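Bear in mind that the values here come from a model prediction, so they are computed numbers and not experimental data. To find a chain, count down the sequence lines: A is the first, B the second, and so on, and within it residues start at 1.
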Amino acid sequence: RGLHRRLWTSSGRHKLNSSICLKTRHRTLSCFLSVPMANPTENLDANQPIREPEDEVEEVEELNGDEEEEEEVEDDEDTVSKSQTRDGRSSVDSTKVESLFRRMRESPVPVRVHDVIVKGNEKTKDHIIEAEVDAVREATTLQEILVASRVANSNLQALDIFDSVNITLDSGPPELPGTTNVIVEVVESKSPLTGQIGAYTRAGARSSSVEASLKYKNIFGYGDIWDGSVVYGCDNSAEVGMGMYLPRFRGLPSPFSSRLFLSTQDWLKFSSYKEQSLGLSLGLLSSKYHELVYTVAWRNLIDPSRTASESIRRQLGHSLLSALKYTFKYDQRDSYVRPTSGYAFTSSSQIGGLAPDSRSLRFLKQEIDLRYAVPFGFCNAALNFGVAGGVTFPWGSRYQNRRSSVPERFFLGGNSSPVCSLDGPSALWGFKTRGLGPNEAKRKGDDERDFVGGDAAVTAFADLSFDFPVRWLRERGIHGHVFACAGNMAKLSENEFRNFTAPKFLETFRTSVGAGIVLPTSLFRMELNYCHIMKKQEHDRAKSGFFVTFSAAS
Amino acid sequence: MEGDQETTGFTLVTRKPNFDLPTACPNCLPAYIYLKLAQLPFELAFNSTFPDSDELPYFENGTYVAYNNEDGGVIEKLKKDGIINLDSPLQSLPDYLALKALIVSWLEEALTYELWVGTEGISAPKIYYSDLPWAIGKVLFYKQTYMARNRLGITKENAEQREKQIYKRATEAYEALSSRLGEQKFLFEERPSSLDAFFLSHILFTIQVLPETSVLRCKLMEHSNLVRYAEKLKSEFLEASSSSPSPPLHSFPSSFSRKSSKPKSKPKTEKTEEEKKFKKRARFFLAAQFLAVVIYLSVMGGGSSNELEYEDEDY
C-alpha cells in the first residue's frame with residue numbers, strides 16, 4: 001500500500017462504521033468509544049441518559065486525540081439503538097461503571113484476554129482477522145487492551161473488505177476472574193465490486209496521473225483485492241494493468257502485491273524515443289520503512305519520428321528487464337507539503353539482470369535523498385535543505401565499455417518542486433523537463449537536441465519559506481518562499497568515467513535562484529515562482545522568468 | 001555527450017555477422033555490398049536488439065541518416081541524396097528495369113519464403129535473436145514468421161499453390177539471369193550497379209545461410225555461372241578489406257557440403273557448451289532463490305510482532 005496515496009476519490013459506495021464497546025461482567029453496559037469516522041457528538045447524545053457524560057467525553061477524547069479525519073461516513077444506527085436497549089438497565093450498573101473508569105484513570109487495571117471470537121465472516125478466513133487482532137491478545141491491562149483494540153480496528157478497516165467492524169470486550173468465563181473475551185464482529189461488503197476514478201500520485205512516477213479502476217474484493221476470503229486499472233499520466237504516459245493485493249501472505253506480516261502491466265511512455269519531444277513495457281511487478285515487502293519490489297518486463301524502445309540522435313538510435317530495440325529494487329524511507333518531517341521541522345532520508349538501490357540469461361539488462365542503480373528542515377521562530381518560517389544524488393552503471397563482462405540503458409539514467413528538470421519529491425535527484429527550479437545534461441544533435445533537419453541523460457546526477461537546494469502578514473492568506477496556508485538550487489549530471493559509461501574530474505564537474509554545475517508563492521491544495525502543492533538562472537550550459541532548456549510548478553507530496 | 005559530434009566518417013548500421021557473412025540479415029547485406037562495390041570507406045556498426053525493425057540497415061554520416069524504410073530503401077536514398085550512385089548511366093538501358101523487377105520482387109519473395117516458411121525459420125534465430133533473451137526471441141520469431149506469411153499472401157488454402165508459384169518464378173528468374181549474365185563480371189557491361197549488389201546478396205545468402213536441404217538453394221546451385229559470379233565478386237570486393245578469408249564458393253557441391261557440415265558440427269558442440277553453461281547458471285539461480293526464500297521466512301517470520309503496534313499507515 002506504500003505505493004499509493006489517495007488524494008481524492010468519488011467511489012460513493014463506501015459506508016464505514018466502526019466502534020469499540022466494552023461490557024462489564026454483570027451487565028451489558030456499553031460505553032461507546034467511537035473511532036473518528038463517526039461524529040463523536042452524535043454518539044454521546046445517544047448515550048447521555050445512561051451515564052455521566054463527562055466521563056465519557058473524557059474517554060473519547062483521550063483515545064481519539066491524534067487520529068485524522070478521513071472520508072465521510074454515516075453512523076450505523078443499529079449499534080446506537082443496541083446501546084440504548086442495553087443501557088436502559090439499573091443505575092447500580094452505572095455506578096459500577098463509574099468506579100471502573102475511576103480505577104482506569106488512576107492506574108493500570110490488570111486484565112487478561114482469554115479468547116478472541118470472530119463473528120460475521122462468511123467468506124473471509126478466520127486467520128486473516130485474527131492476525132490483525134494478535135496484539136490485543138498480548139495486552140495485560142485494560143488500557144492496553146483498549147488501545148490495541150483501536151489499532152486492530154483500524155487495521156481491519158484498512159483491509160478494505162468490510163463494511164463495518166465492531167470490537168467488543170466481553171467478560172470472560174465466570175470461573176476465571178480478571179479475564180475478558182474479545183469479540184470481533186465484521187460485516188463483509190455486500191457488493192465486492194467497486195469502481196473508482198481518482199487523481200493519484202505514484203511513488204515511482206514524477207507526475208500525477210488520473211486513474212480509473214475496478215476492484216473486486218475478497219474473492220477467496222483471504223482479504224485479497226483484485227483490480228484492473230487504466231492510468232493516464234500527465235507526462236504522456238499511459239498504463240493498463242491488473243493487480244492483486246494480499247494483506248498477509250501465508251502468515252507473513254507484510255502484504256504481497258502483484259501487478260501485470262502494459263505501459264507506454266512518450267519521450268519523443270525530449271529524447272526522441274518512446275518506451276513500451278509489458279511486465280509483472282511483485283511487491284515482496286512493504287512496511288513503514290522498507291520496500292522491496294521485483295519487476296520483470298519486456299521493454300521496447302522505438303522512434304516513430306525517426307529523428308533520434310546517434311546514441312538513442314543505438315539503444316532502440318527490445319530488452320528484458322529483471323530487477324530488484326529496495327527502498328528505505330525514513331521521514332520524520334512534520335509535513336509533506338510544507339515541512340518546517342524534522343529530517344528525512346531515502347535510499348533506493350536497484351539491481352538489474354537477475355536472470356540466468358546473460359542477455360537481460362544488467363545495471364546497478366543507487367539513489368540517495370536527504371532533507372533537513374530548520375524552523376525559525378517568527379512568521380512560521382523554516383529553512384529546508386536537500387541534497388540528492390544518484391549513480392547508475394552497467395555490470396557484467398567488459399562493463400566499463402558498455403553503455404548504460406537510457407531509461408535507467410537520470411534526467412533532471414521538470415515542473416515539479418524539489419521540496420516535495422523524495423525520490424532521488426529529479427527536479428530543479430527553472431529547468432524544463434529533461435532540460436539539462438548530456439545532449440546530442442538530432443537527425444539532420446531537426447534543430448532540437450536530444451537529452452540522453454546522465455549516469456551520475458547530483459542536486460541540492462535550499463528553500464526558506466515564510467508566512468505572509470495577511471491573515472486571509474495565512475489561513476489558507478498560502479505562503480511565500482525564497483529558494484536556490486544547483487544540479488549537474490555526468491556520463492560515466494563507455495569509458496567516460498576516465499575523463500571525469502571533480503573540478504570539471506563542479507565547474508559545469510547549473511544553478512538558479514528565485515522566489516515565489518506557494519498554494520497548497522488538497523490535491524497538490526502549486527507554486528508560482530519567478531526564477532533566475534544563474535548558470536547554465538550551452539543547449540540547456542532553461543529560461544529566467546515566471547513559471548508554475550505542480551507537485552504532489554510523495 | 002555534450003557538444004556536437006562532428007564525425008566525417010560514414011557508418012552503416014546492420015544486424016550482426018554470422019555464417020561467414022559480414023552481416024547475416026538478408027535486408028542489410030545488399031546495402032553493405034553496394035557500398036563495397038562503390039569502394040566507399042565506411043565503418044560497420046551493429047544493432048542486435050531490434051530484429052523486427054524495418055529501419056535497419058541505416059547509413060549515417062554525422063547527423064545525416066538514411067533509413068531503410070524511407071524513399072524506397074537505403075540504396076535508393078543514397079542514390080537520391082547524391083551520396084553514391086552507381087546506376088546513373090545504366091538507368092536508361094531497356095532491360096535495367098526488367099532485371100530490377102526480377103531481382104527485387106521475384107527473388108526477394110523467394111528468399112523471404114524460403115527463410116521463414118520453406119526451411120521453417122531454422123536459420124532465423126542465429127541471424128536475428130542471438131543477442132536477445134530466449135523468451136523475447138521466441139515471441140519475435142513467431143511474430144516475424146506471421147508477418148512474412150502475411151506479406152507473401154500465404155493462407156491455409158493457397159499455401160501449396162503459392163509455394164509452387166514462388167519456386168517456379170525463382171527458377172525462371174535464375175534461368176533468365178544466368179543466360180543474361182553468361183561469364184560477365186557484372187550484370188551490366190563492366191561496371192557494378194545496385195542490381196549486382198542485390199543479386200550478389202541473394203546468392204551469398206542462399207548458399208551460405210540457408211541449409212543444404214533448401215529447395216531454393218538446390219535450384220540456384222544448378223547454375224554454376226551464377227555461383228562463379230558470386231565467388232569472383234566476393235573475393236574481389238568483400239574480402240579485399242576483410243582480414244579473414246572465407247571459404248571458396250565454387251568448389252561445391254562436395255566441398256561446400258563438407259564445409260557446411262563442419263560448421264554444423266561446430267555449432268552443435270558450441271550449442272551444447274552454451275546449453276551446459278545456461279543450465280549451470282539456471283541451477284545456481286534457483287539455488288540462490290531458494291536460499292533467499294528460506295532466509296526471508298526465517299528472519300521475517302520471527303520478528304513480525306514489532307510491526308503491528310501503532311501502525312497507522314497512510315495508504
Next on the checklist: Before you tell me yes or no, could you show the steps for B:Glu108 and B:Arg151 under salt bridge (charged side-chain N to carboxylate O under 4.0 Å, His left out), namely the whole-Å CA-CA distance, both residues' side-chain angles and the distance that decides it to 0.1 Å?
Outcome noted: CA-CA 12 Å; B:Glu108 203 251 313; B:Arg151 207 162 53 231; 5.3 Å; no

Item to check | 4.5 Å side-chain heavy-atom contact, B:Phe50 and A:Asn300 | outcome: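 Touching, per the 4.5 Å side-chain cut-off.
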
Item to check | Any B:Tyr128 side-chain heavy atom under 4.5 Å of B:Cys25 side chain | outcome: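 In contact.
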
Is chain A contacted by the side chain of [X], its backbone, both, or neither, given a heavy-atom distance below 4.5 Å?
| X | value |
| --- | --- |
| B:Val13 | side chain |
| B:Phe285 | side chain |
| B:Tyr58 | side chain |
| B:Gln289 | neither |
| B:Thr11 | side chain |
| B:Ala45 | side chain |

Checklist entry - Non-hydrogen atoms of chain B under 4.5 Å away: do they reach the side chain of A:Ser309, the backbone, both or neither? => result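 The answer is neither part of A:Ser309.
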
Item to check | For A:Met489 against A:Leu436, the heavy-atom pair lying closest together | outcome: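 What the structure gives for the nearest pair is CE-O, 3.0 Å.
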
Checklist entry - Do you see a donor-acceptor pair shorter than 3.5 Å between the side chains of A:Ser272 and A:Lys442? => result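 A:Ser272 vs A:Lys442: donor-acceptor pair found between side chains.
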
Please identify, among [options], the residue contributing the most non-hydrogen atom pairs under 4.5 Å to chain A.
| options | result |
| --- | --- |
| B:Ala135, B:Ser130, B:Ala288 | B:Ser130 |
| B:Asp52, B:Asn47, B:Val65 | B:Val65 |
| B:Glu70, B:Lys280, B:Arg283, B:Arg281 | B:Glu70 |

Item to check | Derivation of the salt bridge (charged side-chain N to carboxylate O under 4.0 Å, His left out) call for B:Lys77 and B:Asp71 | outcome: CA-CA 6 Å; B:Lys77 194 154 165 61; B:Asp71 291 337; 3.3 Å; yes

Checklist entry - Would you call the rings of A:Tyr326 and A:His290 parallel, tilted or perpendicular if under 30° counts as parallel and over 60° as perpendicular? => result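 A:Tyr326 vs A:His290 ring planes: parallel.
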
